[in-house]
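Data block below; observations after.
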Protein chains: 2
Amino acid sequence: MTVGIRHDDLRRRNRAMVISAVRHAGQPSRTEIAGTTGLSHSTISAISSDLIDEGVLFETKGSDAPSAKRGRPQVALGLKPSAASVITVVLSLNYLSAALVDYAGNVTDQEQRRLSTLTMPRDELIGEMLAMIRRLLAGRHASMKPVMRMVLAIQGITDASARTMLWSPITMHADIPFASLLEDAFGIPATVENDCNMIAMALRWHKPERYREDFIAILLSHGIGMGMVLKGELFTGTQSSGGEFGHMIHRPDGALCRCGRRGCVEAYAGNYAIWRNARQHSEDETPAADISDADMLELADRARAQDGPERQAFRKAGEAIGFSLGSLFALIDPAPVAMVGHGAGAFDLIEPSMREAIARTAGGHHSKAISFDTEPDEMPLIREGCAMRALTYVDHEILAPGNGALTDLTGKSVA
Amino acid sequence: MTVGIRHDDLRRRNRAMVISAVRHAGQPSRTEIAGTTGLSHSTISAISSDLIDEGVLFETKGSDAPSAKRGRPQVALGLKPSAASVITVVLSLNYLSAALVDYAGNVTDQEQRRLSTLTMPRDELIGEMLAMIRRLLAGRHASMKPVMRMVLAIQGITDASARTMLWSPITMHADIPFASLLEDAFGIPATVENDCNMIAMALRWHKPERYREDFIAILLSHGIGMGMVLKGELFTGTQSSGGEFGHMIHRPDGALCRCGRRGCVEAYAGNYAIWRNARQHSEDETPAADISDADMLELADRARAQDGPERQAFRKAGEAIGFSLGSLFALIDPAPVAMVGHGAGAFDLIEPSMREAIARTAGGHHSKAISFDTEPDEMPLIREGCAMRALTYVDHEILAPGNGALTDLTGKSVA
DNA sequence: GCTCTTTTTTTCGAGCCTCGAAAAAAAGAA
DNA sequence: TTCTTTTTTTCGAGGCTCGAAAAAAAGAGC
């Protein structure tokens with residue numbers, strides 16, 4: 001039983017709507033906002049006037065092109081970059097990066113470094129992260145507004161409340177409560193998110209014309225990840241970040257997977273699996289820890305050059321992805337797919353067998369119509385997805401108190 | 001971009017909330033409603049007074065047990081049975097049934113009959129359905145309030161807008177726009193829903209303590225169907241009713257499925273598949289059209305009596321369901337499962353190999369903790385699910401116009 | 001039998017919020 | 001300089017929910 005709507009919720013929600021409209025439209029006029037939200041001009045005027053007073057929005061005076069239209073010119077509203085800032089952190093295999101992002105979404109500072117995540121002790125891993133964040137916080141100008149939110153994206157599984165990393169292939173340590181660790185260290189609200197989910201957020205942000213209501217992002221890398229948006233909402237599991245497409249079962253009792261089980265999609269389509277098959281090693285062989293992008297590129301080149309075990313390996317990968325996508329499509333119906341990550345660079349080798357497999361499944365009813373796109377570089381997407389997620393959180397916090405919001409925004413400096 | 005909340009939406013939503021609270025609680029007092037909705041007593045008082053005036057609610061005077069409590073006694077509110085009525089229709093293999101249900105959910109009349117759905121011409125199938133509905137409409141008392149909604153449940157796939165049956169195993173005809181057909185014939189709004197989705201609705205209604213936010217209902221019958229509730233919402237595909245668990249791929253290029261493809265779960269776990277395996281026929285053999293429940297019972301008995309091809313067949317079924325549930329759990333995390341339908345009577349034969357398979361998948365992390373329940377009789381569940389769905393539609397229509405609602409409710413008689 | 005408690009329900013005024021219409025503002029066009 | 005056109009603000013009206021207080025409807029106690 002959902003709770004009833006009280007009167008003050010109304011204002012709060014409509015404020016949220018206005019902020020969200022500005023964030024999506026960039027620099028809309030009040031009239032434009034009224035159009036997209038369906039609220040009346042008077043309401044928009046009242047709300048945006050409040051938000052300007054509170055320092056959340058501002059009138060971007062220098063309207064670029066004096067639109068040459070008749071009538072009173074529109075006044076564009078923008079998100080005030082100084083209204084707040086957020087920190088994004090991305091932790092992936094042997095790699096850590098963090099960025100400071102202002103309220104308008106601009107990266108104002110960032111840092112990245114290589115680490116040996118697989119072998120590092122737990123405390124060291126956490127320590128490196130905290131230190132990097134600490135440097136970012138120390139480095140920002142005194143004039144900058146306080147950091148209001150931190151979002152950490154990891155390769156791996158988080159709990160449904162986005163507070164704990166339950167498991168990750170990049171480290172042997174499990175159940176690290178990153179959200180609480182970050183909150184305790186810096187006094188700033190934090191969440192931990194799955195990297196592929198952040199990729200999905202970023203795609204929707206970047207290419208709304210293609211990735212809007214329903215789409216799937218598949219990360220082809222050492223392992224196989226997935227982020228999915230259904231009916232406009234990020235799809236997550238009931239207890240975890242979910243969407244573990246890479247561990248759907250392709251062949252019962254089949255090839256050995258990095259997760260220790262058998263027959264997972266990843267055990268055929270992950271980099272290590274393609275490598276293993278290309279070398280004609282046994283499918284029971286323990287997966288290699290890491291394979292360089294250069295090696296995978298070389299493998300792909302050889303597969304393109306001539307038929308042989310390399311080409312076969314990519315073919316098998318396509319088959320695994322195809323059948324499992326077919327199973328997924330049986331559940332959710334076909335949707336546009338983005339193939340993300342370095343592995344997407346070899347999509348030409350994967351696509352034929354993948355499409356052939358899909359066509360043999362229930363989801364492949366119109367397999368010709370299913371459209372695939374490739375995004376070879378995942379890191380910027382993850383970072384942007386994190387930023388959007390963090391800023392969205394802030395948007396909803398800013399509107400919450402309704403009135404005294406600005407005392408928290410411009411006032412006390414945290415950490 | 002969702003639309004802003006206008007002022008009158010507020011009342012509408014809170015009215016919906018009150019109606020929904022009454023429907024869930026049965027006969028709550030105003031105080032109780034205030035508690036569950038979180039709205040103030042004054043608001044509840046105002047809204048329920050309106051709804052009583054409009055003939056949607058009524059004060060159930062004869063309060064059964066004079067609660068022996070001190071203070072002014074609570075006045076129970078109930079849904080007025082005469083506020084509206086709905087018709088539910090269930091179409092399954094060789095079987096058609098329909099019922100007339102009042103606003104409080106009581107079945108006031110019903111009819112059912114056997115048909116040869118597989119061989120009937122399209123028009124005859126439609127004609128039988130229309131005729132049955134016509135008889136129900138003709139048979140109701142003159143005092144009864146107009147039928148405001150019809151919901152048809154079918155075994156098969158419908159489009160996302162619940163207007164057309166896209167495909168069904170019970171007939172060779174496809175793309176039958178049942179919703180429009182019914183609306184044109186009777187002038188009453190109608191939808192077509194997947195039977196398993198209705199089972200899920202009914203389960204949530206019946207056993208909310210077990211089936212609440214997240215659960216799965218799997219129909220074990222000639223084919224394999226699924227209805228799923230995730231985060232409190234019925235899960236459907238993006239373009240169709242979705243959730244075609246039975247056509248996830250268990251073994252690529254495996255056994256021949258009724259759908260014409262190969263390796264679907266159904267091709268191992270549907271009645272015809274179990275039958276085929278028990279008889280040690282080839283997996284390439286065309287599936288039998290229908291197998292009687294008695295035959296399946298006998299098969300199960302023989303499997304229980306001694307090890308042999310029958311027991312093997314059930315074991316294979318369990319394996320197929322187990323691995324595919326494991327894949328599903330990889331996507332959504334484990335959830336309580338209800339095994340519904342006659343096939344659930346042989347769940348004891350299926351369970352061991354199923355659990356073993358699940359344990360070998362990513363979703364089987366805590367396979368011991370995944371709980372299964374059986375509901376051998378699906379028909380009543382489907383009917384009740386339809387009724388609840390229809391009544392929920394009506395609830396939302398009654399509250400919509402806000403004021404003149406009753407003119408439609410008590411006034412003109414449709415059809 | 002009467003008064004006191006207790007609990008539920010209704011009433012009433014206050015405070016918000018959104019809306020539509022009208023007014024004001026800010027340009028270009030003539 | 002005066003019209004048009006378009007955007008934005010202002011203002012009063014109408015609704016809605018809320019909290020407090022009042023009214024209603026019992027049982028409890030003497």
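A note on names: the letters A, B, ... follow the listed sequences, proteins ahead of strands, and every chain is numbered from 1.
- A straight line from CZ of A:Arg6 to C1' of C:dG15 spans 16 Å, rounded to a whole angstrom.
- Taking CG of B:Leu57 as the start and OG of B:Ser49 as the end, the distance is 10.5 Å to the nearest 0.5 Å.
- Residue A:Ser45 places its side chain closer to D:dT9 than to any other of C:dT10, D:dT9, D:dC18.
- The side chain of A:Pro73 sits closest to C:dA26 out of C:dT9, D:dC16, C:dA26.
- If A:His41 and A:Gly71 are placed on DNA chain D by their nearest nucleotide, the residue sitting closer to the 5' end is A:Gly71.
- Put simply, CD1 on B:Ile52 is 12 Å from C1' on C:dT10, counting in whole angstrom units.
- Taking for each of B:Asp8 and A:Glu32 the nucleotide of DNA chain D with the nearest heavy atom, the 5'-most of the two is the partner of A:Glu32.
- Contact between A:Ala162 and A:Glu193 at its shortest, heavy atoms only, is CB-OE2, 4.0 Å.
- Between the CD1 atom of A:Ile44 and the C1' atom of D:dT10 there is a distance of 16 Å, given to the nearest Å.
- Nearest to the side-chain atoms of B:Arg72 among the listed nucleotides C:dT8, C:dT10, D:dT8 stands C:dT8.
- Of all heavy-atom pairs between B:Thr60 and B:Gly78, the closest is CG2-N, 3.9 Å.
- Pairing of D:dT1, defined by two Watson-Crick or G-U wobble distances under 3.5 Å, is identified with C:dA30.
- Atoms CG (B:Leu39) and P (D:dC18) sit 5 Å apart, rounded to a whole Å.
- B:Arg70 contributes no side-chain N or O that forms a donor-acceptor pair with the base of C:dT6 under 3.5 Å.
- Closest to the A:Thr43 side chain, of the nucleotides C:dC19, D:dA25, C:dT11, is C:dC19.
- An OP1 or OP2 oxygen of D:dT17 is reached within less than 4.0 angstrom by a side-chain nitrogen or oxygen of B:Asn14.
- Checking the phosphate oxygens (OP1, OP2) of D:dT9, no side-chain nitrogen or oxygen of A:Ser42 falls inside 4.0 Å.
- Per the geometry, CG belonging to A:Leu10 stands 14 Å off C1' belonging to D:dG14, to the nearest Å.
- A distance of 7.5 Å separates CD1 in B:Ile44 from OG1 in B:Thr36, rounded to the nearest 0.5 Å.
- One can place CE of B:Met17 at 12 Å from P of D:dT17, the figure rounded to the nearest angstrom.
- For the residue pair A:Ala160 and A:Thr238, the shortest heavy atom distance occurs at CB-O, 3.7 Å.
- Distances were taken from every side-chain heavy atom of B:Arg11 (C-beta onward) to each of C:dC17, D:dT17, C:dT9; the shortest belongs to D:dT17.
- Applying the 4.0 Å criterion to OP1 and OP2 of D:dT9, one finds that A:Arg30 has a side-chain N or O inside that range.
- Under the 4.0 Å criterion applied to side-chain N and carboxylate O atoms, A:Lys80 and A:Glu54 are not assigned as salt-bridge partners.
- With a cut-off of 3.5 Å on both Watson-Crick or G-U wobble distances, the partner of C:dA23 is given as D:dT8.
- Between B:Arg15 atom CZ and D:dT17 atom C1' there is a gap of 15 Å when expressed in whole angstrom units.
- The separation between A:Arg12 atom CZ and D:dT17 atom P is 16 Å, rounded to whole Å.
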